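Just below is one structure, and these are the notes that go with it.
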Amino acid sequence: MRRSSLGLVLIALNVSLALVAVAGLALVAAALLRRLTDDQALERVRLASVSAERAIAGEVAALGTISRLLAERTSSTDLRAQERRALLAAELDGFRSVSGATSCAIVCGSRAVASAGPPIDWTELVRGAQAPVSSVSAQGALGLRLASALPLAWDPTCFAATAKDLDAQFVSRLSEETGATARVVDAAAGLGDLGDPKLPLRARLLHEAPPEARRLDELGSYVAVRALRGADGRVAAFLETELPTSLARTAQLRLMRRLSLMALVIGGLAAMASIVIARRIAAPLTELTEAAERIGGGDLSTPMPTGAWAEIGRLQASMEEMRRRLRRLTAELAGQQAEARAMVEGIVEGVYVVDGERRIVQMNSQAAVMLGVRPEQVLGKFCGDVLNPEPTGNARPCEENCPILHARFRGEARATERLLLADGRRRTVVVTSSTSGGDRQFQLLRDETEVEAARRLRDAVLANISHEFKTPLAAQLASLELLVDRVHELGPDETRKLVVSLQRGALRLTQLIDNLLESVRIEAGRVVLRRQSVHLDEIVEAAVEMIRPLADQRGQAIDVELPHPLPAVPGDGPRLVQVFVNLLANAGKFAPDRSTIRVGGDVAEGLVTLYVEDEGPGWGEDVENQLFEPFVRSTGDEPESSGVGLGLYIAKSIVERHGGTIVARSGSGLTRVAVRLPIAGPA
């Protein structure tokens, strides 16, 4: 897996932190900016509502002033004469025009004595009034009206009254003066629509709550609502001022763009500073890394660079000390290796070293010469594949009798092995294995001397003879003792039986000795065939004559039916006789008493086949694949005169040296072993 550079990591980390900090500040600033914008807009719409309310209050005060002037200037004479009333109406019209009032009137009782402007129900306005009246009523052209009434000085039952409708022109002027959209809504109409987002702001004013300004996203505006109350103190109308949120959003976006630009500039400056700082920090570490790679590659002569930072300087000093120690230790190890190599190369015997998995890690030239290989070709290979020891049975010594494995438990082990070299030669060596306490083991190869080979052959022969000769010798010794003790008492027939028994025992011992000696020769690779033309019928006849006494002992008949004429084959006559003696002896041992042993054959093109067939039980499945291996015997019940399991092994070895093959088959109450020999033998 590819690792990231420290400089790139530091740059990415610093830039990321800077960007995160700037982004965080920008987000916080945006939130604060939005809140500040909302607060400013709400305060602005609140001030606009106050200004509109004051403007309406000023209009009411102006109406009161007009009513007072009318009350002071109107006399009783103006109301008695009809002509004076006409002049009073003209004067009221002048007041209305100058003051901007909608209507003016002098009201006495239940009727208006004189009036100017659109007709108004003045009696409703001044009914029951005993003091100055200023009110807002819902009777104007737009549904809302400002009104003021004052009693006349000379007659308190008469009033000077003025009224002004809140028309579109008046509302437009309010919007211009306050900078916000102003609107006057009748109380009944304002409380009738339950789906109106402004309803909560209007409803709270009915309970004497202070006016409130809110942001209404449904309408996309900031709204402030105030109550306009009539002469009776009840809410007659609502004064509303609005500012669109788009204005605040535009200002907010403009500030956000400026803030984002500043954040980008600050982030860019932070990134540049991070890059510079990260490079200054990573540069010494990069130099130390390169120096460490040089040390790993074997360059111990180049000193470490000097670090600019205190911590890196301490690291550099430690690595420099490590480099010096490694250089000194490497020089010492190189000297020791040279000495060890000289010692190993100076040894006459072959030496090689294996690791924990028995792979060769070192080999001297003497071992390479003994094995016919080059040292550099075998490094890393399994030692069993390089030495190629001759297998014993179906397994190589590496699997069952490896001195390397034995030495791991004993400290040292020795074994004699026959090696099959690459050029076809065989070499007998003594392998001595020892362990050094680690995972490596040293092996010493030494050619087996003539004395050692003779001793080994002698030990093998003595071991086999001492183990296998006891039963036949015991039987012969018993017959001899009986013959000695009763020689004067035995008749001719009884004496003949004892002598025949001794003869058969001698035959068995002779056959056993021949097989043992032949197996030792085969193991030592010293079997030499004498090539001459032999007649197979004579070979079979000689073998039958040698085995007949043993067959007569058990009442067995030997039936020979060979094709005539049999061709002569090139080979070693005595050894071929030994083959058929072993086959007939095996058949006689395992065939039932008084059964027939048949010898037959046939001739094909370039090949002659001879077989020995008996009525024995055959062999078990567990030994069928190992039938021709040395010292393999049947797992069934064997007769008392059993052998050592070498008969078929020797027969197979001799037949194969003649260029032939030998096969065995059992089943259906018959056992057959067939030998196939070429008529024209191998060169």
Side-chain angles (χ1 to χ4, degrees), residues 391-395 468 508 511-512 514-516 518-519 522-523 527 536 539-540 542-544 546-547 550-551 554 556-563 566 569 571-572 575-593 595-604 607-639 641-678:
T392 56
N394 288 335
E468 300 297 340
R508 293 193 186 96
Q511 180 187 2
L512 193 58
D514 290 341
N515 286 339
L516 288 173
E518 189 68 23
S519 68
I522 293 173
E523 182 181 356
V527 176
L536 293 179
I539 298 295
V540 172
V544 169
M546 293 181 62
I547 293 299
L550 298 177
R554 302 185 61 186
Q556 296 171 338
I558 301 177
D559 183 12
V560 179
E561 294 182 4
L562 297 176
L566 277 177
V569 298
D572 190 331
R575 295 194 182 279
L576 290 177
V577 171
Q578 187 178 4
V579 169
F580 286 97
V581 167
N582 288 341
L583 297 183
L584 291 170
N586 272 356
K589 282 189 298 184
F590 291 98
D593 294 344
S595 62
T596 301
I597 300 173
R598 286 173 289 277
V599 180
D602 56 48
V603 179
L607 190 68
V608 59
T609 301
L610 300 180
Y611 63 85
V612 176
E613 187 177 74
D614 62 81
E615 300 174 8
W619 45 81
E621 294 181 358
D622 53 341
V623 299
E624 184 174 357
N625 297 329
Q626 304 176 1
L627 197 61
F628 293 97
E629 301 296 332
F631 305 106
V632 175
R633 293 194 265 186
S634 173
T635 56
D637 295 334
E638 292 192 4
S641 58
S642 63
V644 295
L646 292 174
L648 292 179
Y649 165 65
I650 294 173
K652 179 175 181 289
S653 300
I654 295 174
V655 169
E656 287 180 348
R657 281 173 171 79
H658 281 78
T661 58
I662 183 171
V663 294
R665 184 184 67 213
S666 66
S668 301
L670 294 176
T671 300
R672 173 181 290 190
V673 180
V675 175
R676 298 187 179 95
L677 295 172

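Remember, predicted model here, so these are calculated numbers, not experimental data.
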Give, for atom [atom1] of [X] and atom [atom2] of [Y], the distance between the pair rounded to the nearest 0.5 Å.
{"X": "Thr671", "Y": "Ile597", "atom1": "OG1", "atom2": "CD1", "value": "11.0 Å"}
{"X": "Asp614", "Y": "Ile558", "atom1": "CG", "atom2": "CD1", "value": "11.0 Å"}
{"X": "Ile654", "Y": "Tyr649", "atom1": "CD1", "atom2": "OH", "value": "10.5 Å"}
{"X": "Leu562", "Y": "Asp602", "atom1": "CG", "atom2": "CG", "value": "10.5 Å"}

**Item:** Heavy-atom donor-acceptor pair, Gln556 side chain to Pro592 backbone, under 3.5 Å
**Value:**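 At least one qualifying donor-acceptor pair exists.
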**Message:** Does Ile539 form a side-chain contact (heavy atoms from CB on, under 4.5 Å) with Leu610? I'd like the steps, not just the answer.
**Reply:** CA-CA 11 Å; Ile539 298 295; Leu610 300 180; over 6 Å; no
**Message:** Any heavy-atom pair between the side chains of His658 and Val579 that's under 4.5 Å?
**Reply:**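 They are not in side-chain contact.
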**Request:** Would you mind reporting whether Thr661 and Glu656 have side-chain heavy atoms less than 4.5 Å apart?
**Result:**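 The answer is no, as the side chains (C-beta and beyond) never meet within the 4.5 Å cut-off.
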**Item:** Residue list, salt bridge (Lys or Arg N to Asp or Glu O under 4.0 Å) with Arg676, at least two apart or on another chain
**Value:**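 With sequence neighbours excluded, Arg676 shows a salt bridge (Lys or Arg N to Asp or Glu O under 4.0 Å) to no residue whatsoever.
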**Request:** Kindly state each residue pair satisfying salt bridge (charged side-chain N to carboxylate O under 4.0 Å, His left out) with at least one member in residues 659-668, sequence neighbours excluded.
**Result:**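 Listed once each, the pairs would be none.
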**Request:** Apply side-chain contact (heavy atoms from CB on, under 4.5 Å) to Val569 and list each qualifying residue two or more places apart in sequence or on a separate chain.
**Result:**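 If we apply the side-chain contact (heavy atoms from CB on, under 4.5 Å) test to Val569, skipping adjacent residues, the hits are Val534, Leu536, Val608.
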Identify the two heavy atoms, one from [X] and one from [Y], that lie closest to each other, and give their separation to 0.1 Å.
{"X": "Pro678", "Y": "Leu607", "result": "N-CD1, 3.9 Å"}
{"X": "Gly601", "Y": "Pro563", "result": "O-CD, 3.4 Å"}
{"X": "Ile662", "Y": "Val655", "result": "N-CG1, 4.3 Å"}
{"X": "Phe590", "Y": "Pro617", "result": "O-CD, 3.3 Å"}

**Request:** Give the C-alpha distance, both sets of side-chain angles, the deciding distance and a yes or no for side-chain contact (heavy atoms from CB on, under 4.5 Å) between Leu677 and Leu576.
**Result:** CA-CA 11 Å; Leu677 295 172; Leu576 290 177; 4.2 Å; yes
**With Glu613 via side chain to side chain donor-acceptor pair (under 3.5 Å) - residues at least two apart** =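 Glu613: side chain to side chain donor-acceptor pair (under 3.5 Å) contacts with Arg598, Arg672.
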**side-chain contact (heavy atoms from CB on, under 4.5 Å) between Asn586 and Val673, intermediate numbers included** = CA-CA 10 Å; Asn586 272 356; Val673 180; over 6 Å; no
